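Heads up: the structure comes next, in structure tokens.
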Amino acid sequence: MDPSVRQKSSPVSSKMGNRDSWHESLARAIRDPDVLFERLGLPTESLEPARRASQLFPLFVPESFLQRMEPGNLADPLLMQVLPLDVENWPSPGAAIDAVGDTQSRRAPGLLHKYHGRALMIATGVCAVHCRYCFRRHYQYELEPRRLDEWEPALEVLSRDESIQEVLLSGGDPLMLTDSRLTEIIRRLEIIPHLKRLRIHSRMPIVLPNRVSQSLIELLTGSRLTPIMVVHANHPREIAGDCEQSLRQLVRSGITTLNQSVLLRGINDNADTLTELSERLINVGVIPYYLHQLDLVQGTTHFQVDESAGQSILAELRTRLPGYAVPQYVRELPGQPHKTPL
Ligand SMILES: *Cc1c(COP(=O)(O)O)cnc(C)c1O
Ligand code: SF4
């Protein structure tokens, strides 16, 4: 997971007026725990552990996301999602490397097919942020396609299976691909007649909002495939400033935009926070989709919230929000034909 590899070779393609191009924003993202601590004025006794933990899974946080954090506060809910901690390296019995059965459902290089009617492409292994709770932090991305010709076997499987109507671009973060690369992939998918929809799962509209450029919107709305964007925000304070503006742009351009969150201890595990998150989302036209129970993966178990606590929070959300603003609380169990409602 080294975002610097891709950004060096990418042509600058954003046309967002006086905003930085997203490539420039990526290049300026913070990767050094020392810089993070200095920028936010964090207590230095936590720096050494952060340095240690970032050796296994590097720190990576874009400027726009940092701007939404409160200086000096180690418990800031945005900071907690990206701050490397020693606890990640403690043994966690019961935790797996592949908790969700990705390996079993791989039908071709880069192609996961678990559920009826839709298949998922691991479009890239890199992301614009490194979330400490990530369930794919151990995924072997180096085995997946990079060049277009390496996608041929996956495209072949998609062409032959007429039950598949929807392709999900995931990763990693598929919007780390340049617009021209995305265009190539989308053109190849468009010529498969039974495909109807293209879904993009990305955290970039949240953490690096200038990725939502006019050219990206044109690319998505200009396709024969109906576009669906699934963004990923966990806390209401993420939906602010340039992020709010980018979400509005997606919605106004007619792209169905949904949000998924992960239930995270100390970050969003209470009804007030999740109510406010849903409200901020629906106020800009984004529909809450899933609230995921954390997958038990090595290095992430300190974020775990009890299922019973999650259920009480959901019960509370139902009393406070319009029905369409209550996300489905789900977990992913290997071998099941859909995400399992809790
Ligand atoms: C989660 C997931 C999907 C999408 O499931 P939906 O319930 O349609 O959102 C598709 N494929 C794979 C492999 C997944 O893990
Ligand atoms: S953006 Fe998604 S895939 Fe990337 S580190 Fe965060 S949770 Fe994992």
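We count ligands from 1, going down the list as the structure has it; atoms in each ligand are counted the same way. Predicted model, so just to flag it, every value in this text is computed and none were measured.
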Less than 3.5 Å apart, any donor N or O on the side chain of [X] or [Y] sitting next to an acceptor on the other?
| X | Y | result |
| --- | --- | --- |
| Q260 | H292 | yes |
| S64 | R68 | yes |
| Q293 | Y329 | yes |
| S223 | E190 | yes |

Note: ligand 1 atoms sitting under 4.0 Å from heavy atoms of Y289 are 6 (P), 7 (O), 8 (O), 9 (O)

Y290 heavy atoms within 4.0 Å reach ligand 1 at atoms 6 (P), 7 (O), 9 (O)

Between Q81 and the options I267, N268, V129, the side-chain contact (heavy atoms from CB on, under 4.5 Å) test singles out I267

Checking contacts here: is it the side chain or the backbone of [X] that comes within 4.0 Å of ligand 1, counting heavy atoms only? Could be both or neither.
| X | answer |
| --- | --- |
| R199 | side chain |
| H113 | neither |
| L168 | side chain |
| E332 | side chain |

Counting from 1 in the order shown, the ligand 2 atoms closer than 4.0 Å to a non-hydrogen atom of C134 are 3 (S), 5 (S), 7 (S), 8 (Fe)

In ligand 2, the atoms that come under 4.0 Å of a heavy atom of R203 are 1 (S)

Closest to atom 12 (C) of ligand 1 among protein heavy atoms sits L120 CD1, 3.6 Å

Closest to atom 1 (C) of ligand 1 among protein heavy atoms sits K339 NZ, 1.6 Å

Item to complete: Evaluate the ring planes of F303 and Y133, with Trp represented by its six-membered ring, and classify them as parallel (under 30°), tilted (30 to 60°) or perpendicular (over 60°).
Response: perpendicular

(request) Could you please spell out the steps behind the side chain to side chain contact (heavy atoms under 4.5 Å, CB included) verdict for R39 and L66? (result) CA-CA 9 Å; R39 287 286 308 279; L66 184 97; 3.2 Å; yes

Query raised in the report: Is D173 near ligand 2, meaning one of its heavy atoms is under 4.0 Å from it?
Result: no

Nearest heavy-atom approach of P174 to A123 is CB-CB, 3.9 Å

Counting only nitrogen or oxygen atoms and a 3.5 angstrom limit, does Y115 reach ligand 1? no

Going by the 4.0 angstrom heavy-atom rule, the piece of C127 near ligand 2 is side chain

Test item: H113 side-chain N/O and Y115 main-chain N/O as donor-acceptor pair under 3.5 Å: yes

